Amino acid sequence: MDQELWPYGLRVMVIDNNSSYLSVMEELLIKCSYRVKTYKNVGEAMSFIYGNTQTVDLIISDVFFPTEDGLLVLQEVTSKFDIPTVIMSSNGDTSTVMKYITNGASDFLIKPVRIQELKNIWQHVFRKQIGKNRKMSNNVQQVDQLSSYPPIVLAPPPPCATRTTEISDEATATLESAARDQIDTTVTDIRDLRKPRLSWTVQLHRQFIEAVNSLGGEKAVPKKILEIMNVKHLTREQVASHLQVINSELFL
DNA sequence: ACACTAATAT
DNA sequence: AATATTAGTG
């Protein structure tokens with residue numbers, strides 16, 4: 001059976017002028033182990049994108065009815081940066097949705113957005129990349145070839161992504177053993193991982209990302225990350241070094 | 001003293 | 001390119 005994978009650390013920008021809804025979105029996205037950056041206004045969001053190319057994997061923007069700034073974001077971003085953009089609105093009438101989709105929106109979510117829908121948005125990122133690569137090679141694209149490390153790591157899914165289950169009896173057994181496997185692959189000690197130097201395996205990196213996310217943006221400093229990761233023989237310096245790289249690839 | 005970060009070294 | 005070490009700051 002194929003190992004299920006999850007795109008840890010996918011960098012998602014959310015734009016919405018309603019700050020309480022922004023927080024809701026942030027919380028949901030963090031539960032999905034994405035990295036999240038939120039903006040209340042379109043201008044700041046766009047200037048971040050202009051100043052930091054290649055640091056946003058996906059944008060989720062409100063429509064900003066009636067000014068339709070959401071549409072501007074969409075047109076700007078799709079024409080200049082090719083970042084998949086998802087539009088949110090509380091109004092889901094067909095003509096509205098159609099307008100955004102025809103202008104290049106990757107998806108249209110109707111508020112309130114449920115976490116189940118956010119678990120699926122990562123696919124838009126990979127869709128775009130597959131679209132780009134398809135003409136140059138007829139090789140079957142392996143999903144792990146599309147991942148870029150360290151910004152995005154494919155690893156077993158986080159608890160939030162537990163599949164919407166209709167559980168058949170034997171499937172239950174499979175899931176349980178999969179869960180056990182996942183526990184078994186959690187790194188608790190790096191003695192054998194540090195050959196000459198430490199290797200940040202996907203498991204270790206996943207724990208790192210989860211620790212960072214659980215601390216939330218600002219407070220994610222090496223010492224606290226280290227505490228939360230709870231990995232023997234891992235040093236604060238090693239975490240700091242890794243954090244530096246992650247942050248230079250930006251986001252947080 | 002300690003921890004953080006940016007810069008630099010390996 | 002990835003990880004470790006150093007050096008300056010609070």
Side-chain angles (χ1 to χ4, degrees), chain A residues 3 5-14 23 26-27 29-30 32-39 44-45 47-58 81-83 122 125-126 128-130 132-133 136-137 139 141-158 182 184-252:
Chain A
Q3 165 103 71
L5 298 176
W6 184 260
Y8 281 87
L10 192 82
R11 297 161 301 181
V12 181
M13 168 184 282
V14 188
S23 318
E26 180 173 30
E27 184 188 335
L29 289 162
I30 284 178
C32 297
S33 287
Y34 301 132
R35 291 143 88 194
V36 189
K37 198 178 255 298
T38 60
Y39 284 94
E44 285 176 24
S47 66
F48 178 82
I49 290 184
Y50 274 91
N52 308 79
T53 57
Q54 303 260 312
T55 64
V56 180
D57 299 307
L58 177 76
F81 299 102
D82 207 29
I83 302 170
W122 58 266
V125 177
F126 294 89
K128 284 238 178 198
Q129 294 186 24
I130 289 170
K132 275 186 216 160
N133 295 347
M136 41 179 290
S137 124
N139 291 340
Q141 290 285 344
Q142 297 290 335
V143 67
D144 59 295
Q145 290 179 306
L146 294 168
S147 71
S148 53
Y149 179 88
I152 306 174
V153 168
L154 294 176
Q182 202 173 324
D184 288 348
T185 58
T186 296
V187 180
T188 58
D189 190 324
I190 57 163
R191 251 178 309 212
D192 49 351
L193 263 185
R194 26 152 235 216
K195 322 284 179 176
R197 348 163 90 204
L198 169 64
S199 165
W200 283 88
T201 63
V202 288
Q203 288 92 346
L204 195 57
H205 181 69
R206 170 166 63 81
Q207 287 161 233
F208 172 86
I209 291 285
E210 283 179 341
V212 169
N213 277 340
S214 77
L215 286 165
E218 300 297 285
K219 295 165 292 184
V221 295
K223 194 180 179 195
K224 289 177 183 162
I225 296 170
L226 183 61
E227 280 170 15
I228 292 188
M229 289 181 72
N230 189 30
V231 177
K232 285 175 193 158
H233 303 103
L234 185 63
T235 68
R236 192 177 57 77
E237 286 79 3
Q238 289 172 316
V239 172
S241 180
H242 195 55
L243 183 64
Q244 184 175 5
V245 173
I246 293 300
N247 282 339
S248 71
E249 296 289 349
L250 216 36
F251 244 63
L252 276 191

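Below, read A as the first sequence line, B as the second, and so on, with proteins coming before strands; counting in each chain starts at 1. This one's a predicted model, so the numbers in the text were calculated from it and none came from an experiment.
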*Are the side chain of A:Asp57 and the backbone of A:Val125 linked by a donor-acceptor contact shorter than 3.5 Å?*
no
_Can you classify the ring geometry of A:Phe208 versus A:His205 as parallel (below 30°), tilted (30 to 60°) or perpendicular (above 60°)?_
parallel
*Output all residues satisfying side-chain contact (heavy atoms from CB on, under 4.5 Å) with A:Ala240, sequence neighbours left out; order by chain, then residue number.*
A:Pro222
Strictly under 3.5 Å: I want the nitrogen or oxygen pairs between protein and nucleotides 2-4 of chain B, one per line.
unit_1: B:dA3; atom_1: OP1; unit_2: A:Lys223; atom_2: NZ; d: 3.1
unit_1: B:dC4; atom_1: OP2; unit_2: A:Lys223; atom_2: N; d: 3.4
unit_1: B:dC4; atom_1: OP2; unit_2: A:Arg236; atom_2: NH1; d: 3.3

*For A:His205 and C:dT3, give me the distance from atom NE2 to atom P, rounded to whole Å.*
10 Å
*For a side chain to side chain contact (heavy atoms under 4.5 Å, CB included) with A:Cys32, tell me which candidate from A:Tyr8, A:Trp6, A:Trp122 qualifies.*
A:Trp6
*Could you pull out all residues at least two apart from A:Ile83 that satisfy side-chain contact (heavy atoms from CB on, under 4.5 Å)?*
A:Ile49, A:Val56, A:Ile59, A:Val77, A:Phe81
_Using whole Å, what does the distance between atom C1' of nucleotide C:dA2 and atom CG of A:Leu204 come to?_
14 Å
*Partners of A:Gln54 by side-chain hydrogen bond (donor to acceptor under 3.5 Å, both in side chains), sequence neighbours excluded?*
none
_Length of the CD1-C1' vector between A:Ile246 and B:dA6, whole Å_ = 16 Å
*For every nucleotide of nucleotides 5-10 of chain C, 5' to 3': is a protein heavy atom under 4.0 Å from its base (B), only from its sugar-phosphate (S), or from neither (-)?*
------
*Please state how far atom CG in A:Leu234 lies from atom P in C:dT3, giving the value in whole angstrom units.*
12 Å
_Once salt bridge (charged side-chain N to carboxylate O under 4.0 Å, His left out) is applied, do any residues pair with A:Glu27, and if so which ones, sequence neighbours excluded?_
A:Lys31
*Distance (rounded to the nearest 0.5 Å) between A:Tyr39 OH and A:Met13 CE*: 5.0 Å
*Would you kindly give the CG-to-C1' distance between A:Leu198 and C:dA1, to the nearest whole Å?*
15 Å
